[in-house]
Undergrad: 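Pasting in a structure now, in C-alpha cells, and then I'll have a few things to ask.
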Amino acid sequence: MKPIKRFKELWISFKFFRYSVIAHLGYFIVTLIVVLTILRDQNDFIIYFNAGGVFYNDINNLYDQEQYLWDYRYLPLSAMFFVPFYLLGFDLGFLIFHILNLILNILICIFLYKICKFVKGEDHEEDDKRIIIYICIYLTGIYQIFNYILGQINLYITLFILISLYIFIKYDKLKWQFAGSLILGVSIIVKPVAFFLIPFLLVINLDYKRRKKLTIDFSTSLVRLIGVLLPVSLNIFLFLAYPKLWEGFIDTNFTGSNPLTINFSFSITKLILNFCFLYNIPFNQLYVLIIVLSIIGGIGFIIFIIGKFDKNYQIIFGITLGMIIMLLGYYDSWDHHLLILIPLLTIIVFILPRHSEITMKYIRKGVLFFSVFDLAFMGIWFLIWFYFPYNFASTIFLILNFIGITKYALLSEKK
Amino acid sequence: MKIKLLLLISMVFIGFIVSTTSNVVASNYDIGVEKGDSFTWKCNICDKKKMEDLFGKNWDSNGTGLFEELKRGNQMRLTVKETDKDFKIYNPSSLKNEEFFSITFKKWIWTNDDTWGDYDYKDQITHYSDPKDYSDDLIFPNCAPIWLPLPLDDYLKEIDLYEGYSIDTRSRTITAISCEIKKYDLKGDYPTEYINIHAIYNDQGILESYKLYIENHQIIIEIVLESNSIPPMIEFFIPVILVIFYLGIIYLMYKKVLIG
C-alpha cells in the first residue's frame, strides 16, 4: 500500500509528476489506437505474435524470415514467451501486451526510485524530489511513444536489469548474487541486447598505479556467470533438438543480408556500413562488427577493470558500460533501446556527487537528449538519407556518456 | 474517486476501440507516375567483364532492358506516354481476361549523348492488378523492376517472391528490395557465383538506386536515378553542407539547449 499512498501524495503535491503521468497515459491510449487502426500491419508486435505462432505450430521454421515482416533475430526460447499472446489472437493479445507494458513501466519507476534512494550520495538533497523529476523525465521521454507504438519488449529488459541491480547492490550473499544474475539471464532470453553485459558481471579490479595487482572475487564472479548463463544455455537444448534453428539464428544475426540495408540505426558499426554502402566500398559486415565491438568493448572492459569504483556500485557502471557498448557496437541500435539505458544513467546521476561536473557535462545532457530530441534526428534522417544516411546525433551522446563514465572511473578524486 | 472514474472511462474506451477495429485493412494499389513524367538514370559503375562471367555473353540483352547497352558513365531515359489501371490481357490457359497496371513509355537506351535526340523505341511494363496473381517463387527481371505499383511494400508483400528476397518497409526504414541469389540458382546455371542486388524506390514507385554486388559487397553495377532539381555540382557538396549543419545543431544543443 505504501507506493499507492506515495503516488497519491505526489499526485496532489507535485504538478510536474501529475503532468508526466497524464502525458504517459496519453501516450498509452494514443499508441493503442494507432496500432489497432493505422499501424496494425506495421509494428514489431506482429513479429512477436507470429514468432509465438510459429513456435507453437512449427518450431523448425522459427527463423524462416518469410513468416515475418522484419527478421526475427532473438534466441529461440524467447518465442515461447509470445505463445500466450498468439493464442489470444492479435487484438486481445496486443491489448494485454500493451497493458503489461504499462504495468512494467510502473514497476520500473518503483525499482528506479528504490535504487536511486539507496545509492544517493550524502551531498544530495534529503528529499526525493530530484529522483521524482528524473523518473518523470523517463516517463515522458519520446522513446516511450516509439516503444508503445512498435509493441516492443524493451521494458521487460529494463525491469529485469533493474531488479537484478537492486539485488546485486542490496544483498551480498552468494545466493542473492546468483538470483540477480539468473534474472539477468532471463532478460537475455527475452531479448539478447543484454548479452554484452555478461563480462561486466565479473568482480575484478586491477590496481595498475600502485601495486599492479589484479584482484578477482572468484566465488561471486563464478556464481554470477553461472547464474546468467544458465537460462541462456537452455536454448542449447532447442538448438540440439532442432538443428535448423541454429543455422537460421546464425544466418539472421551475423551473416544474412539484413544488415546491408541502409537504415537509421545509430550504432558505429551501422554508420560505417552506411558509409561503405553509399560510397561503394567493399565490406564484410561481420568483420566490421567484430572490429568495432573489439575496440569499444575492449576499451570499456579495461576501464571497468582498472577503474576506481565503489565496490558496491561497480556492477552499475559495468552494466551501463555494457549497454553503451551494445548500442555503439551492434548493427541495430534503435531509439526504443534507449529505454534500457536511461534508468541506468539516472542511477549514475545519483551515485555521482550532487554537483558533479561529469553529471553536468555528460550524463544529464545524454539523458535529456535521448528523452527529448533523439527521435527528431530520426525524422531528419528520413529527410536527408539519400545524400546523408547517417543518424549519429545519439552516437555522439552515447560516446559522451562513455567518456563521462571513463572519467569518473579513472579520476582519483571523484567530482 | 477521480482516479477510479478515469480508469473506468479508459477501460470502456479501450474496449470500444478493440471491438470496433477491423481485422482487414484494404489495400488499393495505384500507379505513382503520370503521363509526361520523365526519368533519367545514370550508370556510375559497370564491370562488363564480371557481368559476362556471372551471366554469360548475353547478360545485357535480357530482362526489362535495364542492362541494354549498359556502360559506365552513360544515361538512360524513360518518358511516360500512357498509364492504364485497367489493362486487360486474355489468358488462353485460364480462359479469362487478366487485369494489369500498365505504363507505356518512350525509351532512350544507355547513351553518352547529352542531346538525347529521338527516342529508341516505345515499350510497356505491366504488373498484375492483384499481386497474388503472380506465380510462386517469383524473380523479377534483373531482380528489381524499374517501376512498381504503390504502396510498393504492401504490393510486394502479397507476392510469393523467391526465397532470396527481403523487403524493407517504409515504416522502419526506406523502401528497398534486397535479393540474394545463390550460385547456379537461375536458369542456365547462372549466376556463376553468389550475387546480391539492392534496389531502392522513390515515392512514385520508380527505381531510385540499383546496386549489384558479389561476395563481400564488391560492387559490379550501380545505377542511380538522377535528380532533376539539383545540379550535379551542388549534389557533390550536399553531404559536406549537411555534416556542418548537423554538427552545428548538435553543438548548439549541447551548449545552449541541454543546460546542465
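Computed from a prediction, not measured in an experiment: that's the story for all the values here. Chain letters run A, B, ... following the sequence lines, proteins first, then strands; residues in each count from 1.
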Undergrad: Who passes salt bridge (Lys or Arg N to Asp or Glu O under 4.0 Å) against K182(B), sequence neighbours left out?
TA: E163(B)
Undergrad: Considering non-hydrogen atoms only, spot the tightest contact between N280(A) and E222(B) and give its length.
TA: ND2-OE1, 3.0 Å
Undergrad: Can you tell me how far apart CD1 (I384(A)) and CD1 (I241(B)) are? Round to the nearest 0.5 Å.
TA: 11.5 Å
Undergrad: When rounded to the nearest 0.5 angstrom, what is the spacing between OH in Y279(A) and CD1 in I219(B)?
TA: 14.0 Å
Undergrad: Please classify the contact of L400(A) with chain B as side chain, backbone, both or neither, using a heavy-atom distance under 4.5 Å.
TA: side chain
Undergrad: Given a strict heavy-atom distance threshold of 4.5 Å, which part of I200(B) is in contact with chain A: side chain, backbone, both, or neither?
TA: side chain
Undergrad: Measuring heavy-atom distances to chain B, does L368(A) have an atom under 4.5 Å in its side chain, in its backbone, in both, or in neither?
TA: both
Undergrad: What's the separation between atom CZ in F283(A) and atom OH in Y213(B), rounded to the nearest 0.5 Å?
TA: 6.0 Å
Undergrad: What distance do L242(B) atom CG and F388(A) atom CZ have between them, rounded to the nearest 0.5 Å?
TA: 6.0 Å
Undergrad: Which atoms of E215(B) come close to chain A, meaning under 4.5 Å heavy atom to heavy atom: side chain ones, backbone ones, both, or neither?
TA: neither
Undergrad: Hey, what do you get for CZ (F386(A)) to CG (N202(B)), rounding to the nearest 0.5 Å?
TA: 9.0 Å
Undergrad: Would you indicate whether D30(B), at its atom CG, is surrounded by more than 12 heavy atoms from other residues, nucleotides or ligands within a distance under 6.0 Å?
TA: yes
Undergrad: Please check if the number of heavy atoms outside E247(A) that lie under 6.0 Å from its CD is greater than 12.
TA: no
Undergrad: Heavy-atom cut-off 4.5 Å, strictly under: side chain, backbone, both or neither for F94(A) against chain B?
TA: neither
Undergrad: Judged by atom type as modelled, is there a donor-acceptor pair below 3.5 Å linking the side chain of Y390(A) to the main-chain atoms of V243(B)?
TA: no
Undergrad: Describe, in one word, how the ring planes of Y246(B) and F392(A) are oriented to each other, choosing from parallel (under 30°), tilted (30 to 60°) and perpendicular (over 60°).
TA: tilted
Undergrad: Show the atom names and distances, to 0.1 Å, of all donor-acceptor pairs under 3.5 Å that link a side chain in residues 249-257 of chain B to residues at least two apart or in another chain.
TA:
{"from": "Y254(B)", "atom 1": "OH", "to": "K361(A)", "atom 2": "O", "distance (Å)": "2.7"}

